[in-house]
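To find a chain, count down the sequence lines: A is the first, B the second, and so on, and within it residues start at 1. Fair warning: this is a prediction, and the values are worked out from it, not measured in the lab.
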Number of protein chains: 2
Amino acid sequence: MHTSMSAPSGARINAIPLQLREQGEVESRPTSSFVDGQSIYSSGERAGQAYRVEFGAVRVYRVLANGRRQILAFHFGGSWFGLQNGDHHRSTAEAIGVTGVKCVSLRESPHVWNGLLPAVLENFSSAQEHQLVIGRQSAVERIAAFLLEMSAHAGHSRRFELFMPRVDVADYLGLTIETVSRSLTKLKNKDIIKLHGARGIEIVDYRALQNLCL
Amino acid sequence: MHTSMSAPSGARINAIPLQLREQGEVESRPTSSFVDGQSIYSSGERAGQAYRVEFGAVRVYRVLANGRRQILAFHFGGSWFGLQNGDHHRSTAEAIGVTGVKCVSLRESPHVWNGLLPAVLENFSSAQEHQLVIGRQSAVERIAAFLLEMSAHAGHSRRFELFMPRVDVADYLGLTIETVSRSLTKLKNKDIIKLHGARGIEIVDYRALQNLCL
DNA sequence: CGTGCCGTTGACAGGCGTCAAGTACAGTGG
DNA sequence: CCACTGTACTTGACGCCTGTCAACGGCACG
């Protein structure tokens, strides 16, 4: 199970951010392991911890009352998540594939907050970037931006595997799975990308993909 | 000029956040005044300052190469903005109506960063909230959410004035001005709101508006 | 080989963008 | 005082993009 996920996530372990190692507070904690789809925290639960992805991937999302879901962010190795100001989580975080996560209690060690400012700013920046994508870009443009984002997380590789199913891509980009599929097909037919199986992506024309995101 | 703006923004001066007064660093700075549409900082400029709205309002936006604009956030009295991790601004901030802004240099006083974590978390939270709106809601639902947001900034008043023109609302919600106008008309025809002139909003059925944002 | 999940493709309808015309209003100048 | 002008907003007609519904194909697993 999850063979198609564990291979790329294994490669990603080496990408764990060294600049955050300085925080001995974090390194002293054990890594918790989660299986695919397992909840790391849920909306409504009491907050008070900071989380960092060690390996694998995490989706953070919120669900509207009518069932519509919006994935706010994907997090990969080294990325912090779950940082917020309220007492209770307003979003849910789930593992994508087998995923390792380190937790720090902010109640026991409130001073850790000080070191997390760069991480919060990073999250904030990503959220703003994503606002542009879902606010002002067409379906194909969103897919292009998404593929470039995933490529960047894979070390700007031209060939990589998507960690998540289509429904996650759709809920991240504010689209439906059908539109995601159709947009990928369009990019394929324009010889901008090649598809290798359901999750494999090969970027043939990197520049064309970038031009779509203008 | 701007009479329709200065009245509500004047009321808002009292709403300046007291919990931030502790930072004498901020209070020691003079307030710079900006006229309607004046740039506070621009995309590409060197960053290194934190900004706080004293009175009036501010829009922060980015523009894609093809001219499409996305307003990332509106900021009102007491709100911090311009906080980011890079060396250079990736967005532009402009005054809406006559606006007062206090600046703090983060290069001269880097320790100020520590006190700004709550403000960054607040900005981050707002961005996430907005992701849901523009990612998963219809035009009418976005307008409903927007009106409730503006109402909240006016002390949850049922009657308030919009500070900004339709084009700002549209670029904030990822819509066109025509769709904004039509959606407002729909809400008006359903007797959920009343329109008083171009900018005046009266919420007749608060509950109905909330139900639209589910 | 059947079953179930995931992804793709097609037909169709509806929502929103685009283009265009019309209205309201403030400011200006005669 | 009133016509003129420019800006902001509204309304209408129309077309496209994307959502919806449905059928189909591929692959893993039992």
[X] [atom1] to [N] [atom2], straight-line distance once rounded to whole Å:
{"X": "Met164(B)", "N": "dT7(D)", "atom1": "CE", "atom2": "C1'", "answer": "18 Å"}
{"X": "Arg136(B)", "N": "dT18(D)", "atom1": "CZ", "atom2": "C1'", "answer": "12 Å"}
{"X": "Leu187(B)", "N": "dC9(D)", "atom1": "CG", "atom2": "C1'", "answer": "16 Å"}
{"X": "Glu161(B)", "N": "dA8(D)", "atom1": "CD", "atom2": "P", "answer": "17 Å"}
{"X": "His196(B)", "N": "dC25(C)", "atom1": "NE2", "atom2": "P", "answer": "14 Å"}
{"X": "Leu195(B)", "N": "dA24(C)", "atom1": "CG", "atom2": "P", "answer": "15 Å"}
{"X": "Gln137(A)", "N": "dC17(D)", "atom1": "CD", "atom2": "P", "answer": "16 Å"}
{"X": "Glu141(B)", "N": "dG19(D)", "atom1": "CD", "atom2": "P", "answer": "14 Å"}

Could you check, using the six-membered ring where one of them is a Trp, whether [X] and [Y] have ring centers closer than 6.0 angstrom?
{"X": "Tyr51(B)", "Y": "Tyr41(B)", "answer": "yes"}
{"X": "His156(A)", "Y": "Tyr206(A)", "answer": "no"}
{"X": "Phe163(B)", "Y": "Phe74(B)", "answer": "no"}

Minimum-distance nucleotide to [X] side chain [options: [options]]:
{"X": "Thr176(B)", "options": "dG10(C), dG17(C), dT18(D)", "answer": "dG17(C)"}
{"X": "Arg166(A)", "options": "dT18(D), dG17(C), dG7(C)", "answer": "dG7(C)"}
{"X": "Arg199(A)", "options": "dT9(C), dC16(C), dG7(C)", "answer": "dG7(C)"}
{"X": "Arg182(A)", "options": "dT9(C), dC16(C), dT11(D)", "answer": "dT9(C)"}
{"X": "Glu178(A)", "options": "dT18(C), dC9(D), dT20(D)", "answer": "dT20(D)"}

Ser183(A) side chain to Arg142(A) side chain, donor-acceptor N/O pair below 3.5 angstrom: no
Residue whose nearest DNA chain C nucleotide is more 5′ - Ser183(B) or Lys188(A):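 Going by which nucleotide is closer to the 5' end, it is Lys188(A).
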Toward the 5' end of DNA chain C, by each residue's nearest nucleotide, Leu184(A) or Leu175(B): Leu184(A)
Distance test, side-chain N/O of Thr185(B) to OP1/OP2 of dT11(D), below 4.0 Å: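 For dT11(D), OP1/OP2 do have a side-chain N/O of Thr185(B) under 4.0 Å.
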Residue-phosphate contact under 4.0 Å: Thr179(A) side-chain N/O, dT18(D) OP1/OP2: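 Negative; the distance criterion is not met.
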Side-chain donor/acceptor of Ser157(B) to backbone N/O of Gly155(B), under 3.5 Å: no
Given DNA chain D, 5'-ward residue of the pair Arg142(A) and Ile177(B), judged by closest heavy atom: Ile177(B)
